[in-house]
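Throughout, protein chains are lettered first and strands after them, A, B, ... in sequence-line order, and every chain is numbered starting at 1.
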Protein chains: 2
Amino acid sequence: MTRSEENYLKTIFHLGSGDDASINTNAIAEQMETKPSSVTDMAKKLAEKGLVNYKKYQGISLTDAGIKTALSIVRKHRLWETFLVEKLDFAWDEVHEVAEQLEHIKSEKLIDKLDQLLKFPKYDPHGDPIPGKNGEFQEHNKDLLSELPVGAHGVCVGVKDSSSAFLQYLDKHEISIGKPIQILGKEAFDGSLHLKIGEREHTVSHQIACNIYLK
Amino acid sequence: MTRSEENYLKTIFHLGSGDDASINTNAIAEQMETKPSSVTDMAKKLAEKGLVNYKKYQGISLTDAGIKTALSIVRKHRLWETFLVEKLDFAWDEVHEVAEQLEHIKSEKLIDKLDQLLKFPKYDPHGDPIPGKNGEFQEHNKDLLSELPVGAHGVCVGVKDSSSAFLQYLDKHEISIGKPIQILGKEAFDGSLHLKIGEREHTVSHQIACNIYLK
DNA sequence: AACTATTTTTAGATTTGTCTAAATTTAATT
DNA sequence: AATTAAATTTAGACAAATCTAAAAATAGTT
Ligand SMILES: [Mn+2]
Ligand SMILES: [Mn+2]
Ligand SMILES: [Mn+2]
Ligand SMILES: [Mn+2]
């Protein structure tokens, strides 16, 4: 399994949000910052190996074997991210790029021992679930802040956007995983929310609210 | 810098034992399990980048820039090996292959933090020195067990052969870094040595004695 | 249904790193 | 010094992963 093949499987997995939905060639190309023709080439190769279902013009979906492989890469990515934050004091906005490299290291023992060192974490620094050895994982039953009514309150359990820029915005406004958040009011005009975050009050735009998960 | 380029630099560095001696094309090919023609191709590319000195038929040597790059890869390799043994309970014969992959991860912050987590180790699990951030390192002033006279005693500080097979042999006979060793006698016929290892006595072949460093 | 726009695929080229086989240079031996 | 052997380089090919440009299929719209 090459690094490129692994990256395609992971991208298809994320675009299909885990299930075996059929994904567009163009969507994969955009996500991977490559060209549609390259995606077609890889689709054929992965189909050959039994990792994706592919029929010309019909989109691409993961087979069971493909899902299993994708989950093992996601597991590695999220364990490494957790390691970087927990053991090496990385900030949560600094881990993704390094984990993109580390997720391709091939050693089952390494990842098992890492899991053990981290005490078998269930969620990564962004609140995303870490699949177990056999691919099992439990997603938080969470809601987007933007879809909750005024008065709702809960605890931040994850972010949808994991970009460095967004995470740094959250840091600046002291929003982090575990923080209690309450919706004090909503602006009808632009959907911006007035929030109580811990002990403080802040107003955030609709765009921000679309990327924070509450439980 | 590609992974392949890094591997060539590291190999040239090891074959030249650190200094800027001129290395044979064939020696590099054999060490890397590749063909001499591939080495020639890479020599040209690395020369183009100013990392090696290369003139047709004259052998290959590292430039200062090449030595610096090689040292940073060796640093990463040995820090990762130390991490695997110290933090993840790997045995010293299990770390090399994984470190071969990990040494190519690109993140200065990662390696600095790792160094810190390990408390800035000076030697790796095989007794090899770990270069610092600026490439500086101190080799143990050590001697091969095979070159010491009868009666000599010291402490094992390193191994020359880091193969899994050899390290497992050492484990079996309870030879490890830090163990006191004394030469009780030498067999004139085949050069095998009668040793006191800790509290025990063992006889080892000349071949074994050629791969253990004492101080 | 016909036309247009979008998506997707094909054909052919490129880069990187490798290989084989043949040619060339250097080293060793008569 | 001539010959043989060994080391090294060149020439040409190949697989992987990508790209561009053009063709084909599908979807959307008059
Ligand atoms: Mn990530
Ligand atoms: Mn994450
Ligand atoms: Mn090693
Ligand atoms: Mn080592």
Side-chain angles (χ1 to χ4, degrees), chain A residues 1-16 20-63 66 69-70 73 100-101 103-106, chain B residues 1-16 20-63 66 69-70 73 100-101 103-106:
Chain A
M1 178 81 49
T2 69
R3 170 172 302 215
S4 188
E5 288 171 346
E6 291 184 346
N7 282 331
Y8 274 95
L9 290 178
K10 193 179 56 153
T11 299
I12 297 166
F13 176 83
H14 281 134
L15 288 174
D20 55 358
S22 196
I23 311 297
N24 296 331
T25 301
N26 277 4
I28 297 169
E30 190 182 1
Q31 182 72 25
M32 299 195 63
E33 298 182 47
T34 181
K35 303 292 167 180
S37 54
S38 305
V39 176
T40 300
D41 286 345
M42 184 58 82
K44 288 176 185 169
K45 196 200 296 187
L46 293 174
E48 197 69 36
K49 295 193 176 190
L51 295 165
V52 304
N53 306 115
Y54 170 67
K55 282 213 196 84
K56 272 193 199 180
Y57 298 102
Q58 301 299 114
I60 301 160
S61 65
L62 296 177
T63 62
T69 306
I73 300 159
E100 287 290 309
Q101 300 178 62
E103 72 190 1
H104 301 290
I105 301 292
K106 280 159 190 60
Chain B
M1 178 79 47
T2 69
R3 171 172 303 217
S4 189
E5 288 170 347
E6 290 185 347
N7 282 331
Y8 274 95
L9 290 178
K10 194 179 55 153
T11 299
I12 297 166
F13 177 83
H14 280 135
L15 288 175
D20 55 358
S22 196
I23 312 297
N24 295 331
T25 302
N26 277 3
I28 297 169
E30 190 182 2
Q31 181 73 23
M32 299 195 63
E33 297 181 46
T34 182
K35 303 292 166 180
S37 54
S38 305
V39 176
T40 301
D41 286 345
M42 185 56 82
K44 288 175 185 169
K45 196 200 298 188
L46 292 174
E48 197 69 37
K49 295 193 176 191
L51 295 164
V52 303
N53 305 116
Y54 171 66
K55 282 212 193 85
K56 275 193 198 178
Y57 298 102
Q58 301 300 115
I60 302 161
S61 65
L62 296 177
T63 62
T69 306
I73 300 159
E100 286 290 308
Q101 299 178 62
E103 72 190 2
H104 300 291
I105 301 292
K106 279 158 190 61

Using whole Å, report how far CD of A:Q58 lies from P of D:dA25. 13 Å
Can you see if the side chain of B:N24 gets near the phosphate of D:dT8 - specifically, an N or O under 4.0 Å from OP1 or OP2? yes
What contact category does A:S4 fall into here, base, sugar-phosphate, or nothing, at under 4.0 angstrom with non-hydrogen atoms? sugar-phosphate
Measure the distance from OH on B:Y57 to P on D:dA6 and round it to the nearest whole Å. 17 Å
Name the residue closer to the 5' end of DNA chain D, choosing between A:E33 and B:I23 according to the nucleotide with the nearest heavy atom. B:I23
Closest of C:dT24, D:dA16, C:dT18 to the A:T2 side chain is D:dA16
Remember a base hit wins even if backbone is also touched, and classify A:T25 as base, sugar-phosphate or nothing at under 4.0 Å, heavy atoms. sugar-phosphate
Got a donor-acceptor contact below 3.5 angstrom from the B:T63 side chain to the B:G50 backbone? yes
Indicate whether OP1 or OP2 belonging to C:dT10 is found under 4.0 Å from a side-chain N or O atom of A:T40. no
Does a side-chain N or O from A:K35 land closer than 4.0 Å to OP1 or OP2 of D:dT20, or not? yes
For D:dT10, does either OP1 or OP2 sit under 4.0 Å from a side-chain N or O belonging to B:K56? yes
C:dT9 OP1/OP2 closer than 4.0 Å to side-chain N/O of A:Y54: yes
Quickly work out the B:E48 CD to C:dT15 P distance and round it to whole Å. 14 Å
Using a cut-off of less than 4.0 Å, is there contact between a side-chain N or O of A:S37 and OP1 or OP2 of D:dC19? no
Please work out if A:D41 contacts a base, only the sugar-phosphate, or nothing of the nucleic acid, heavy-atom cut-off 4.0 Å. base
Spacing of A:E5 atom CD relative to D:dA16 atom P, expressed in whole Å: 9 Å
Is there a side-chain polar atom (N or O) of A:Y8 under 4.0 Å from OP1 or OP2 of D:dT18? yes
Spacing of B:E6 atom CD relative to C:dT16 atom C1', expressed in whole Å: 15 Å
Tell me whether the side-chain N/O atoms of A:T34 come closer than 4.0 Å to OP1 or OP2 in D:dC19. yes
So do the side chains of A:K49 and A:E5 get within less than 4.5 Å of each other, counting heavy atoms only? yes
In terms of heavy-atom contacts, does CD of B:E30 have more than 12 from other residues, nucleotides or ligands at under 6.0 Å? no
Looking only at heavy atoms, the pair that brings B:T40 and B:T25 closest together is OG1-CG2, 4.0 Å
Side chains of A:E103 and A:K10, heavy atoms from C-beta outward: is any pair under 4.5 Å? yes
Provide, to the nearest angstrom, the distance between the CE atom belonging to B:M42 and the P atom belonging to C:dT15. 16 Å
A side-chain contact here means heavy atoms from C-beta on lying under 4.5 Å apart; do A:L51 and A:M1 qualify? yes
A:K55 NZ to C:dT8 P: how many Å, rounded? 16 Å
According to a strict under-4.0 Å criterion, is B:N26 in side-chain N/O contact with OP1 or OP2 of D:dT8? yes
